[in-house]
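To keep things clear, I will list the structure first and then write my remarks on it.
For the single chain, residues carry numbers from 1 onward in sequence order. Both counts, for ligands and for their atoms, begin at 1 and track the order of listing.
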Amino acid sequence: MDQAAGLAIDMTVTVQHIRAARGRIAGKVEQTPCVVSHSLSERTGHDVHLKLEHHQTTGAFKLRGASNAIAALRPEEKSRGVVAASTGNHGRALAHAAKLEGMRAVICMSKLVPGNKLDAIRRLGADVRIVGNSQDDAQHEVERLMAEEGLIMLPPFDHPAIVAGQGTLGLEIMEQVPDAACVLVPISGGGLAAGVAAAVKGVSPSTRVIGISMARGAAMKASLDAGRPVMVEELPTLADSLGGGIGLDNRLTFAMCRNLLDEVILLSEEEIAAGIRHAYGQEREIVEGAGAVGIGALLAGKVTMSGPTVLILSGKNIDMDLHRRVVCGEASAKERAA
Ligand SMILES: *Cc1c(COP(=O)(O)O)cnc(C)c1O
């Protein structure tokens, strides 16, 4: 697969790879602002900075990895087109990046993906296939399209060019907050956390990097605890972008997260809802559940702080009716997860 994607087999991503990625995607992604949160700084007694990555084009950081992976393809591969399974934001990013290159993109997803995310991908001109009830079912369709139509798979996280692209966020953070003691990163498959941790620790080895996930179906946490990639039941959650497994044959992000992350913290659905509500009410920012977990973790008192702390607000692609109900405190646990 790596050869097919035009990439050397290289089972870790370093700050050098991330610097190269940054050059490759310059002009294709935004450098997002990093601002002080007065309310969270006051509340915690430490400087809290918000990396506003939900303002990224396509509404999430995934455009960084997708743009880097597409830029690294050979012309012959570009002419075949790309395919991926996605819970939404990766598909959207890939569709956007492929369109800029005039390439074909096919996005496969499960029935759990919210309708707003699906429509956005269709509008970007990608071919959307809905298959089965899990990320794994969608992945089978990807494999069929690779075999039968010669499409190039660009997975959402477990790929060196994707990890390196996401890592560019870590380089920006260390330029914007050079004295960061701790960076809080939402984690699902671990592409973002692996890339950000490699960049942050490559520049500042003593800065702590903490992954934050939802308690409902946290595949990376379960895998780190087990010492190997394991399956978890996929459950509906307010942080829907954090759903899905890490792949039993995970090649890159599991080892990187095991080696580089200082800790992984899990949140209840109510703690995630509190993060969304705080982002809106205090920071005037609309963030999706996955993007609000850093705020949720601070509000829940689950992070031991030792100095300036940076939270990555990773995405904004939430259904606005759900957002309204969460902000008003109307959404029941069942509704929130629907
Ligand atoms: C994909 C995604 C994540 C998790 O990224 P991984 O690389 O899978 O760990 C977090 N937040 C948002 C908004 C996402 O789209």
Exercise. Would you kindly confirm whether Ile130 and Leu94 end up in one hydrophobic cluster when ILVMFWY residues are joined by side chain heavy atoms under 4.5 Å apart?
Key: yes
Quiz prompt | Donor on one side chain, acceptor on other, Thr168 and Arg22, under 3.5 Å | solution = no
Quiz item: Same hydrophobic cluster for Ile246 and Ile162, using side-chain heavy-atom links shorter than 4.5 Å among ILVMFWY?
Solution: no
Practice problem: List every atom of ligand 1 that sits less than 4.0 Å from any heavy atom of Ser314, numbering the atoms from 1 in the order shown and giving each element. | Solution: 10 (C), 11 (N), 12 (C), 13 (C)
Quiz prompt | Lys/Arg N to Asp/Glu carboxylate O, Glu283 vs Arg277, below 4.0 Å | solution = no
Quiz item: Counting only heavy atoms, which portion of Asn317 has something under 4.0 Å from ligand 1: side chain, backbone, both, or neither?
Solution: neither
Practice problem: Output the list of atoms in ligand 1 that are nearer than 4.0 Å to some heavy atom of Gly191, sorted by atom number. | Solution: 6 (P), 7 (O), 9 (O)
Quiz item: Name the one of Ile312, Val293, Leu298 that satisfies side-chain contact (heavy atoms from CB on, under 4.5 Å) with Leu184?
Solution: Leu298
Self-check item: For Gly189, atoms of ligand 1 separated by under 4.0 Å from a heavy atom
Solution: 6 (P), 8 (O), 9 (O)
Quiz item: Does Gly190 come within less than 4.0 Å of ligand 1, judged by its heavy atoms?
Solution: yes
Quiz item: Are any of the side-chain nitrogens in Lys316 or Glu285 under 4.0 Å away from the carboxylate oxygens of its partner?
Solution: no
Self-check item: Enumerated ligand 1 atoms positioned under 4.0 Å from heavy atoms of Gly315
Solution: 13 (C)
Exercise. State whether Lys201 and Asp262 are salt-bridged, where the test is any N-O pair (Lys NZ or Arg NE/NH1/NH2 against Asp/Glu carboxylate O) under 4.0 Å.
Key: yes
Quiz item: Heavy-atom contacts under 4.0 Å between Glu288 and ligand 1: side chain, backbone, both, or neither?
Solution: side chain
Quiz item: With backbone taken as N, CA, C and O and side chain as the heavy atoms from C-beta onward, which portion of Leu192 lies under 4.0 Å from ligand 1: side chain, backbone, both, or neither?
Solution: both
Quiz item: Atoms of ligand 1 less than 4.0 Å from Ser241 heavy atoms?
Solution: 1 (C), 2 (C), 12 (C), 14 (C), 15 (O)
Quiz prompt | Ligand-residue contact atoms, ligand 1 with Ile187, heavy atoms, under 4.0 Å | solution = 9 (O)
Quiz item: Do Asp47 and Ser41 get their side chains close enough for a donor-acceptor pair, meaning under 3.5 Å?
Solution: no
Quiz item: Can you get from Val163 to Val15 by hopping between Ile, Leu, Val, Met, Phe, Trp and Tyr side chains that sit under 4.5 Å apart?
Solution: yes
Quiz item: Which ligand 1 atoms are under 4.0 Å away from a heavy-atom of Asn89?
Solution: 13 (C), 14 (C), 15 (O)
Quiz item: Counting only heavy atoms, which portion of Gln166 has something under 4.0 Å from ligand 1: side chain, backbone, both, or neither?
Solution: neither
Exercise. Kindly confirm or rule out an N or O of Leu242 lying under 3.5 angstrom from an N or O of ligand 1.
Key: no
